*Asks:* 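Structure in structure tokens, see below.
Owing to the predicted nature of the structure, the values given are computational and were not obtained by experimental measurement. Convention: sequence-line order gives letters A, B, ...; per-chain numbering from 1.
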Amino acid sequence: MQFASSIIRNDNMHKYILRRVLLLIPIILGVSLLVFVMTDSAEGNVLQLIGDDYTPQQMAELMHEYGYDRSVLYRYGNYMKGLVRGNLGKSFIYKRPVLELYLQRLPATLKLAGASILVAIVLSIPLGIKAARSHGTLIDNGSMVLALLGLSMPNYWLGLMLAVLFSQKLHWFPSGGNLAGWKSLVLPAITLGTGLMATMTRTTRSSMLDVIRQDYLRTARAKGVPEKVVIRKHGLRNALIPIITIIGTELGKALGGAVVTENVFSYPGVGRLIIEAVNQRDTITVTGCLIMTAVLVAVIQLFVDILYAVVDPRLRAQYTTGRRKRGKKQQITTQGAVV
Amino acid sequence: MTKTVGASIDTGTFTKKKSQWVEVWGRFKKNKGAMIGLFVLIILIGIALTEGLWIPEEKVSTIVVADRLQHPSRAHWFGTDEMGRDIFWRTLYATRFSLTIGFVAVVVSAVIGIPIGAVAGYVGGKVESIVMRLTDIFSAIPTILMAIAIVSLLGRTTFNLMLAVGISSVPLFIRVTRASVLTVKNEEYIEAVKALGKSDLYIVFRHVLPNCLSPIIVQVTLRIASAIISSSSLSFLGLGIKPPTPEWGALLTAGKEYIMGYSYMCLYPGLAIMITVLAFNLVGDGLRDSLDPKLKH
Amino acid sequence: MNGTKQQNDIVLSIKDLTVHYEVDGEVVEAVNNLSLDLREGKVLGLVGETGAGKTTTALSILNLIPFPPGKIKSGEILLNGKNILAMNIAELERVRGKDVAMIFQDPMTSLNPVLTVVDQVMESILIHETSSKVEARERAIQMLETVGIAAERADEYPHQFSGGMKQRVVIAIALACNSRLLLADEPTTALDVTIQAQVLDLMLKLKEQFNTSMIFITHDLGVVAQVCDEVAVMYAGRIVERGTLEDVFNHTKHPYTEGLFNSLPSIEDRTARLRPIPGLMPDPTQLPLGCTFAPRCSYATEACINTRQTEIGFSESHFALCSRYAEKNFVIDRKEID
């Protein structure tokens, strides 16, 4: 960690991070426009559905209030004015601000996605390394078959089967809700984590296989570096680069996959909220949740890119324009880098 | 080893196309997993193409109240559903529907994504950066959420489901095609065609794309697998195909209601999805290794 | 072979080394019954075409043959009297980088891209000589300066260096612990000619300074003449001729060595045509029983192909693996130079 902070302290790195944060703005604008236009023109919004309960005049007033007598862009402008102030509108169904609904459900989803990605990292990276190092053996082939199976399972099906086995038959864990503390997180996390684990094991293995053949590992061994250190310090650091990318994209996938998993286990997260809202044509809630999820994914991607630059000096050089300053200050920062 | 390499170099320049595919097949054949996958796929496609000929209609859709919710037995291998329909026959019959959805979805994403990616990669400059920024925006939304948004936008029909699943993986095809075009476009033979004064469009579709096929083929195979999973997930969420349509996702959705006590209703359609997806993944992995032996591990 | 008086200054002694690679059920005989000795402070040139087994020999000395597919089948490698091939992994790790170090062939791939160059140089110092990071770093920077890299650049990463500078880093890594034996695997092949000369000079200077023995692997006879005291010529996994620089260059015995000289352009006679050796090296999975060079040799007889070759001595230091010398009057075309 000392290492990471010393690199981020570097002036150019500051600039790079700032640039990347600023780049979030057009992405957020683009995503919100895309989502807004899509959901806005969805067939039958809630106003038309509940139309029967209102007189034509009341209906017209409502239409006016929500801007439905103007163009999409007008409504988008209004929406964005709100968004900047942290106002994502008010749900038609729940009669509560969308942001409040979203934030209320977010912790559960983050817990679920976090738990599953954590389980996936802890299990898949050692497994992938082990598979690569015992390339061609039973361990390697076995773990690759398992990973492929994990990749080929629809995760809602896996969830149902886990619920039948561990909840209904064995009574180990609850099959729904989140009232039983960490126990209610176990089955959803395994369900969501299986696919992530499969991808990450495969990536770790192939990345490690690439690295294992590199000449610089031989250089390290020729120096008398113990084998464990060769793999950890010289191998893994290099193999990490593609693994980090995959963790980033998998986190994004986990946030998407959570929609399905949450619905299997009636787990009260953002995913369940989105599906409830879609089923009730609660357009404004859907819009808000989609935009917030996209922003979350973009922020994760930002972290991944920065982490990238920490691990790989070549990328760091590419990002931070110009040659790094040499001299005293540099010396100090990299002394800290000798972990 | 050295001998075969030498031979391929000698003949390679003259009959590249033919010998290349022969070699790919030669490598593919050696991959046990890929061959198993291919075998399963051929059987599945065989079932899908011919099922109308030999699966009796009444087995699939006739409601027999007396037979409802029967556990698997000699008479009903996979048991029966809440309407007394035989799950074995329904699962088998759903092959066509489910495979079609996967194929069509991928055709949609390929037809949209490949030309865009090819043009972006070939033209470069502003066009490329605009396309790639838009792709970034598009892929900031997780695929499944994108598909949900599109289905709710277009309405919940089978065709829209395929469209939604297809459109949501367009960014992937754009990326893969662009990356591959970038590596090809600076090759000398492309320079040579340019020197002949051919139009850019002609060059892209006649010379650049055919040389980028390997990664695209692999991507298509793997995407069919994930399209089958995504579309059945949407069905499961109530946004795709509804029961009692014989489609694996819909069969599962119907079974979900009876999961307590009748879990077999979900087990078999799910297994069918898994086997199919596994077969596509095996073939996709095998293709990748045999198309680009340098990457093989 | 070697008089008792020289016995204790022998740094490295390889006896009957055989290394095989087993790929897809086929056996590649990379090194066959190879024996050689190296005395303190001497430079032995290991010469031969690509694929002759030079790098494999060097890696065997570190016991770093990649397994699978490689395997040391038999032999003994005595480093300062201790058999490397009989050591356990902990003993090996103590020897590697300390008693024997290696300069690798390709500077582009031999350096770890995510570590600074000083980190990579100080690593072996930290393992073998001191536990103080500050001291190790100081010494590493000194070593970098010795090979001509300014101290300010110590904290840069390999991608910030040119090919020649990277090679210097690779050399600095190998020299970090002043090993008694240095294995240099084509250390200049990847470099431009001008930089080549600089790096060679540098290595020779360092050799003098630390009294290192060196095995210098190359296919460049010009470099051999410049650097080496002794020469061993390898062909298809065997040493076909060995002796002092003088022996091999001026009193060439083996037809293959002659062929190597013939395929060099001559400065004296610019109009002379090059005479490359006809044919290719034999398939290493199917080496003939007799002389491996016989199929390409203009002097070969039926007997050469079918009978096992034995080393023939011409002087106390000069040997060749060619059974035709059993005939009294056999000579090759290349003139002896006195």
Side-chain angles (χ1 to χ4, degrees), chain A residues 26-31 33-35 38-44 132 135 144-145 148-149 151-158 160-161 163-165 168 175 205-206 209-210 252-260 263-264 271 274-275 278-279 281 283 286-287 289-291 293-295 297-298 301, chain B residues 32-33 37 133-134 136-156 168 222 225-226 228-230 232-239 248-249 252-253 255-256 259-261 263 266-267 269-271 273-282 285 295-297:
Chain A
I27 294 211
I28 293 173
L29 280 176
V31 166
L33 180 63
L34 182 70
V35 171
M38 266 189 343
T39 46
D40 184 77
S41 44
E43 59 155 30
H135 183 37
M144 281 308 101
V145 168
L148 205 59
L149 272 176
L151 211 61
S152 305
M153 257 183 248
N155 71 352
Y156 59 92
W157 178 72
L158 175 65
L160 288 176
M161 294 298 124
V164 168
L165 184 61
Q168 191 190 330
S175 69
R205 171 179 174 270
S206 76
L209 273 179
D210 268 348
K253 261 200 329 212
L255 288 172
V259 177
V260 181
N263 278 283
V264 174
I274 291 177
I275 296 302
V278 164
N279 283 332
R281 310 277 162 111
T283 317
V286 176
T287 312
C289 289
L290 286 183
I291 291 176
T293 305
V295 170
V297 171
Q301 200 55 53
Chain B
K32 245 183 264 160
R133 285 301 82 72
L134 288 178
D136 282 348
I137 289 174
F138 206 85
S139 46
I141 306 169
T143 353
I144 190 94
L145 286 180
M146 195 68 193
I148 289 172
I150 297 173
V151 172
S152 58
L153 162 71
L154 298 173
R156 306 173 184 195
S168 61
L222 296 176
S226 57
I228 290 175
I229 289 194
S230 312
S232 72
S233 304
L234 284 177
S235 298
F236 180 80
L237 293 173
L239 295 168
W248 291 328
L252 251 159
T253 312
K256 182 177 62 166
I259 186 86
M260 297 298 159
S263 52
C266 286
L267 178 67
L271 276 178
I273 297 178
M274 194 172 91
I275 289 168
T276 311
V277 171
L278 186 64
F280 275 109
N281 280 335
L282 282 169
D285 279 3
L295 292 175
K296 200 189 164 176
H297 299 312

*Asks:* I need the single residue from V286(A), V259(A), L290(A), V260(A) that forms a side chain to side chain contact (heavy atoms under 4.5 Å, CB included) with I148(B). Which is it?
*Replies:* V259(A)

*Asks:* Picking from I141(B), L154(B), I150(B), what satisfies side chain to side chain contact (heavy atoms under 4.5 Å, CB included) with M38(A)?
*Replies:* I150(B)

*Asks:* Which heavy-atom pair separates G252(A) from P142(B) by the least distance, and what is that distance?
*Replies:*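 Of all heavy-atom pairs spanning G252(A) and P142(B), the closest is O-CG, 3.7 Å.
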
*Asks:* Mind listing the closest non-hydrogen atom pair of A140(B) and V31(A) along with its distance?
*Replies:* CB-CG2, 3.8 Å

*Asks:* Is it the backbone or the side chain of L148(A) that comes under 4.5 Å from a heavy atom of chain B, or both, or neither?
*Replies:* both

*Asks:* For V35(A), is it the side chain, the backbone, both or neither that has a heavy atom under 4.5 Å from a heavy atom of chain B?
*Replies:* side chain

*Asks:* Name the member of A225(B), G238(B), S232(B), G249(B) that forms the most heavy-atom pairs with chain A at distances under 4.5 Å.
*Replies:* S232(B)

*Asks:* Going from CD1 on I229(B) to CH2 on W157(A), what distance comes out if it is rounded to the nearest 0.5 angstrom?
*Replies:* 10.5 Å

*Asks:* Using 0.5 Å steps for rounding, measure from the CE atom of M274(B) to the CG atom of L158(A).
*Replies:*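 These two atoms lie 9.5 Å from each other.
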
*Asks:* Can you tell which of L134(B), T143(B), D285(B) has the highest number of heavy-atom pairs within less than 4.5 Å of chain A?
*Replies:*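 Heavy-atom pair counts peak at D285(B).
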
*Asks:* Please look at L267(B) and chain A and tell me whether the side chain, the backbone, both or neither of the residue comes under 4.5 angstrom of a heavy atom of that chain.
*Replies:* both

*Asks:* Supply the atom-to-atom distance F236(B) CZ to L160(A) CG, rounded to the nearest 0.5 angstrom.
*Replies:*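 Rounded to the nearest 0.5 Å, the CZ-CG separation comes to 4.5 Å.
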
*Asks:* Tell me which of these, N263(A), I275(A), T287(A), has more heavy-atom pairs under 4.5 Å with chain B than the rest.
*Replies:*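 Counting heavy-atom pairs under 4.5 Å, the top option is I275(A).
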
*Asks:* Please flag which part of S233(B) lies under 4.5 Å from any non-hydrogen atom of chain A: side chain, backbone, both or neither.
*Replies:*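 Both parts, backbone and side chain.
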
*Asks:* Which one of V151(B), L234(B), L271(B), I228(B) has the most heavy-atom pairs closer than 4.5 Å to chain A?
*Replies:*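 Heavy-atom pairs under 4.5 Å are most numerous for L271(B).
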
*Asks:* So how far is it from S152(A) OG to L282(B) CG, rounded to the nearest 0.5 Å?
*Replies:*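 It is 7.0 Å, given to the nearest 0.5 Å.
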
*Asks:* What part of M153(A) lies closer than 4.5 angstrom to a heavy atom of chain B: side chain, backbone, both or neither?
*Replies:* both

*Asks:* When rounded to the nearest 0.5 angstrom, what is the spacing between CG in L151(A) and CG in N281(B)?
*Replies:*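 One gets 5.0 Å once the value is rounded to the nearest 0.5 Å.
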
*Asks:* With chain A as the partner, which of L145(B), D136(B), I144(B) has the greatest number of non-hydrogen pairs under 4.5 Å?
*Replies:* L145(B)

*Asks:* Over all heavy atoms of both residues, which pair between M146(B) and L34(A) is shortest? Give the atoms and the distance, please.
*Replies:* CE-CD2, 3.9 Å

*Asks:* Under 4.5 Å from any heavy atom of chain B, what part of L33(A) do you find: side chain, backbone, both or neither?
*Replies:* neither

